[in-house]
Structure formats: structure tokens, C-alpha cells
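In this text the structure is predicted, and so the values were computed from the model without any measurement.
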Amino acid sequence: PAAAATTTSEELDLGDLPGGSERASMGGGYYVAPNVGMPLTTRWSRESRLAADHAAAGSFESAMQLLQRQFGLARLEPLRGAFLALAASSQSVLAPAPSLPSLQAPLTRPGGWPCVCISLGSLVEKLKAAYGLVTGGKFAEALDAFKSIMGSIALALALSRQQVAELKELLGICREYITGLRLELLRRTLGADEKVRACELAAYFTHCNLQPAHMILALRSAMNISWKAKLKRSAAAFARRLLELNPKPEFAQTARKVIQACESDLTDDFTMARAPAAIHSCPRSPPLPSDLDSPPPSRPCASRPLLPQAYDERNPFVVCNKSFVPIYRGSEIAYSSFCRAPYLPKFKGAVCEVDGIGQVGGEGTGFSEVDADGKFLS
């Protein structure tokens with residue numbers, strides 16, 4: 001047995017074991033807990049420079065400060081829903097057992113940063129739905145949809161320069177549609193004694209950058225309104241623009257009839273038009289272009305006073321989104337700090353009527369893109 005024990009000791013080669021005093025110096029058998037690490041949500045709010053990451057971490061105050069620095073925002077209340085959605089979508093909840101409390105686990109994208117529920121792809125899908133509302137004539141619902149998309153763009157994540165360019169393009173599309181829809185909805189609220197203003201607003205709508213199918217709707221409306229107001233030159237101009245878009249055969253036939261009816265006397269245009277009160281006292285307007293059998297009367301009543309109009313299609317312009325009057329090329333313009341909607345200089349400092357969050361005349365650093373590690377790309 002002694003020989004067997006010696007053999008085992010030699011095979012193991014344990015060497016000298018530490019004594020009791022040495023074991024006491026190594027901790028004395030006490031358990032030392034590890035240091036508490038930093039929660040991911042704390043890291044997101046401390047190290048990220050994206051407002052969406054701060055909102056996902058629940059640090060709404062720092063997210064608002066970043067947005068104000070980035071886009072010069074003057075009002076953040078419309079973004080409340082987007083903030084809450086980001087905070088809720090960045091966490092998953094697990095129920096291990098009915099008797100145990102739920103566990104929260106952060107959802108991350110590459111680099112350990114939070115998953116952002118507002119993506120370029122989701123915004124494009126919402127844009128398609130908004131297009132459908134415009135096509136269906138649901139302008140009020142479409143206006144709300146475009147405003148919702150525009151607010152989400154401020155918190156969308158861009159991981160490349162291409163995505164930044166696409167976000168800017170999407171922002172421009174929303175700006176044009178919101179401007180046009182506001183013009184059309186305002187026109188529909190005007191009374192019968194405001195036909196001159198109605199013609200102006202219908203004309204401004206046709207200068208918004210819309211999809212061809214929607215531009216056809218705007219041009220048809222402006223053509224019919226101008227025809228009823230006996231603005232034959234403008235009606236013919238809208239009809240020609242309508243034909244350039246290759247509309248449906250019935251729309252094209254109506255446009256050709258308008259042009260033919262107006263060719264004999266192109267005296268009326270938007271540079272000179274009757275005063276609203278005089279228009280209201282006119283005899284009944286000519287029939288709709290679709291029912292044309294003969295040209296409308298070529299002369300207005302001589303007793304009706306004339307009033308200069310603000311609209312001039314031959315002079316490039318943008319529409320002020322507060323007063324809805326044209327700002328022609330060469331004039332001073334104030335832009336929204338977020339969506340770049342144009343305004344007259346006297347409205348500087350006001351909240352943008354288009355996006356509802358930007359400041360007219362304000363400034364910001366603009367969109368930025370980040371890599372997978374959350375670092376800004378130069």
C-alpha cells in the first residue's frame with residue numbers, strides 16, 4: 001500500500017499545497033461579488049449622439065435637446081407618440097414563470113445600439129398608403145398621414161449617405177403634398193363671393209411637385225374652376241398642361257374642348273380679374289367643359305371693376321405656407337428649419353405650419369448618418 005501511494009503521488013505531481021496562512025491571505029474563503037456593469041439603456045443615452053437612441057433609452061429630455069440642435073425645432077409635442085413608440089419597441093419582456101416577475105431584455109442592432117422601430121422602409125410603406133388617400137379624394141386623412149410621416153422622419157435612423165438622401169427626398173415629398181393639400185382644403189372652405197381667391201389657390205395647387213396621377217386631378221380642378229370664372233387664358237393653359245401628362249381619354253377630350261373654346265378669345269388671365277363682389281353678381285357661369293356645345297360669352301360685363309391678381313404662371317415662384325401668396329424669384333424667403341417650407345420674412349420665429357415642429361428662419365445641423373458602431377460618418 002505504501003508503494004501504491006507513492007506511485008499515485010508521483011503520477012499527479014501535485015507539488016507543495018499552500019498552508020492555512022496562505023489561504024487566508026487569498027481571501028479567507030469569502031465571496032467577492034463582481035462590480036455592477038452599466039445597463040445598455042444608460043450606455044445608449046451617454047454615448048450615442050442620435051436622438052432616436054436617446055428616446056429608445058427613455059431619455060426624452062436629452063433626445064429633445066439633440067433634435068433642437070440638429071433641426072432647430074421649436075415645438076416637440078407632435079413627436080410624443082414617436083418617442084413612446086421608440087422606448088417601447090427597444091425592450092422585450094419575458095415571463096419566466098407565473099409566480100416570478102417579468103424580465104426585460106433590450107433589443108439591439110449591430111454594435112449594441114437599440115433597435116429603432118422607425119425605418120426608411122416603414123416610412124415608404126406609409127407614403128404609399130398616403131398616396132392612396134389622395135387618389136381616393138380623402139384629403140383631410142391624407143394630410144394627417146403626410147404629417148405623421150414627416151414627424152417620424154426626424155427620428156428615423158440613417159446608416160448610409162444613400163439613406164440620408166432618401167430621407168431628404170421623402171421629406172421633400174411630404175412637404176409638397178402637405179402644402180398642396182392645405183391649399184385645396186382651404187379653397188373648399190371659401191364662400192361663393194371669393195371666387196378670385198379660389199382660382200388663385202387652385203392654380204397654386206398645380207405648382208406643387210405631385211405624382212403625375214395627382215397632378216392630373218389638380219389640373220382638372222384648376223381648369224374647371226378657371227372656366228367657370230371665365231378666365232379663359234388660364235383655363236386653356238391648365239388644359240395644355242393636362243394634355244402633356246397623357247390623361248384618360250375622357251379627360252383629354254374635355255381638355256381639347258376647353259382649348260378649342262378658348263382659342264378665339266384669350267383675353268382673361270390671372271393678371272387681371274374681376275373683384276369678388278362683382279363676380280358674385282355675375283350671371284350664371286358657363287357649363288362645365290365636359291358639357292361644352294359652344295364657347296362661353298367672349299366679353300365680361302363692362303360695368304364690372306377689375307382687380308390685379310397675385311398669380312403669374314410665367315414668373316417662377318413658391319407659395320408662402322402661412323399667407324398662401326406667391327413669393328417670386330428674387331424675393332427674400334425664410335425657410336422652416338426642418339422641412340425647408342418657404343415663408344415670407346415677416347413670419348420668422350413662428351412655428352412651421354407644414355411640419356408643426358420646425359421654426360421659420362431657424363437653423364440646425366441637419367441629417368447625419370452613422371455606422372454600425374454608432375459613429376458619425378464624415
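- Taken from SG in C174 to CD1 in I149, the straight-line distance is 5.0 Å, to the nearest 0.5 Å.
- A 4.5 Å side-chain heavy-atom check between I173 and Y131 finds at least one atom pair inside the cut-off.
- Side-chain contact between Q91 and T41: present, with at least one pair of heavy atoms (C-beta onward) separated by less than 4.5 Å.
- Looking at Q163, its side chain does come within 3.5 Å of a backbone N or O of L159 through a donor-acceptor pair.
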Q.
Set out, in order, the CA-CA distance, both residues' side-chain angles and the distance that settles side-chain contact (heavy atoms from CB on, under 4.5 Å) for W227 and C262, then state yes or no.
A. CA-CA 9 Å; W227 175 265; C262 296; 3.5 Å; yes
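- Heavy atoms from other residues, nucleotides or ligands lying under 6.0 Å from CZ of R46 number 12 at most.
- Among all heavy-atom pairs drawn from A235 and V258, the shortest one is O-CG1, 3.8 Å.
- Hydrophobic clustering of Ile, Leu, Val, Met, Phe, Trp and Tyr side chains at less than 4.5 Å, counting indirect connections, keeps L133 apart from L143.
- Side-chain contact between K168 and V164 is present, with heavy atoms from C-beta onward closer than 4.5 Å.
- A continuous path of Ile, Leu, Val, Met, Phe, Trp and Tyr side chains, each step under 4.5 Å between heavy atoms, connects L170 with L73, placing both in one hydrophobic cluster.
- Here the straight-line distance linking atom CD1 of I357 with atom SG of C339 works out to 8.5 Å at 0.5 Å rounding.
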Q) Is there a side-chain contact (heavy atoms from CB on, under 4.5 Å) between S336 and D355 once you walk through the steps? A) CA-CA 9 Å; S336 167; D355 54 52; 2.9 Å; yes
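- Panel note: side chain S45, backbone T42; a donor-acceptor pair is recorded below 3.5 Å.
- Annotation: side chain of V116 is in contact with side chain of L86 (closest heavy-atom distance under 4.5 Å).
- Taking the ring centre of F205 as origin, the terminal cationic atom of R187 falls outside the region bounded by 6.0 Å and 45° from the ring axis.
- The structure places CG of L67 at 6.5 Å from CG of L79, a figure rounded to the nearest 0.5 Å.
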(Q) Assess the residue pair L344 and V325 against the criterion (side-chain contact (heavy atoms from CB on, under 4.5 Å)); give the C-alpha distance rounded to whole Å, side-chain angles, the decisive distance to 0.1 Å, and a yes or no. (A) CA-CA 9 Å; L344 290 170; V325 298; 3.9 Å; yes
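- Heavy-atom minimum distance, R241 versus T206: NH2-O, 2.7 Å.
- Considering every non-hydrogen atom in both L107 and S89, the closest pair reads CD1-O, 3.6 Å.
- Using a 4.5 Å heavy-atom cutoff, the side chains of S234 and C199 are not in contact.
- A distance-only check finds no donor-acceptor pair linking the side chain of W44 to the backbone of A55 [under 3.5 Å].
- For the residue pair A222 and A202, the shortest heavy atom distance occurs at CB-O, 3.8 Å.
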Q: Begin from the C-alpha positions of F347 and S323 and carry the test side-chain contact (heavy atoms from CB on, under 4.5 Å) through to its verdict.
A: CA-CA 9 Å; F347 297 116; S323 58; 4.1 Å; yes
Q.
The test is salt bridge (Lys or Arg N to Asp or Glu O under 4.0 Å); show your working for R240 and E244 and say whether it passes.
A. CA-CA 6 Å; R240 293 188 184 94; E244 293 175 357; over 6 Å; no
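- Counting non-hydrogen atoms of other residues, nucleotides and ligands closer than 6.0 Å to CD of E250 gives a total above 12.
- By the 4.0 Å N-to-carboxylate-O rule, E77 lies too far from R80 to be salt-bridged with it.
- Side chains of L157 and I118 form no contact here, defined as non-hydrogen atoms less than 4.5 Å apart.
- For the atom pair CG of N321 and CD1 of I327, the computed distance is 8.5 Å after rounding to the nearest 0.5 Å.
- Between the S226 side chain and the L231 main chain, no donor and acceptor come within less than 3.5 Å of each other.
- In terms of heavy atoms, R175 sits closest to M150 at N-CE, 3.4 Å.
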(Q) If you apply the rule salt bridge (Lys or Arg N to Asp or Glu O under 4.0 Å), what do you find for E200 with R197, and how did you get there? (A) CA-CA 5 Å; E200 287 181 352; R197 182 59 170 162; 3.1 Å; yes
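- Within 6.0 Å of CZ in R329 there are 12 or fewer heavy atoms belonging to other residues, nucleotides or ligands.
- Between Y343 and C352 there is a side-chain heavy-atom pair separated by less than 4.5 Å.
- Tracing side-chain contacts under 4.5 Å through hydrophobic residues (I, L, V, M, F, W, Y), one never reaches M215 starting from L243; they form parts of separate clusters.
- L217 and V134 get closest at one heavy-atom pair: CD1-O, 4.3 Å.
- Hydrophobic clustering keeps F324 apart from I225 (ILVMFWY residues linked when any side-chain heavy atoms are closer than 4.5 Å, directly or through intermediates).
- Using a distance-only test at 3.5 Å, with no hydrogens or angles considered, a donor-acceptor pair links the side chain of S337 to the main chain of Q359.
- Contact check for T179 versus Y204: no side-chain heavy atoms found under the 4.5 Å cut-off.
- Under the 4.5 Å side-chain heavy-atom criterion for Ile, Leu, Val, Met, Phe, Trp and Tyr, V351 and I153 are members of distinct hydrophobic clusters.
- Open room surrounds CD on Q162; 12 or fewer heavy atoms of other groups in view lie less than 6.0 Å from it.
- In this structure, the separation between CG on N224 and CG on L219 is 11.0 Å, given to the nearest 0.5 Å.
- To the nearest 0.5 Å, atom CG of residue L76 and atom CZ of residue F71 are 11.5 Å apart.
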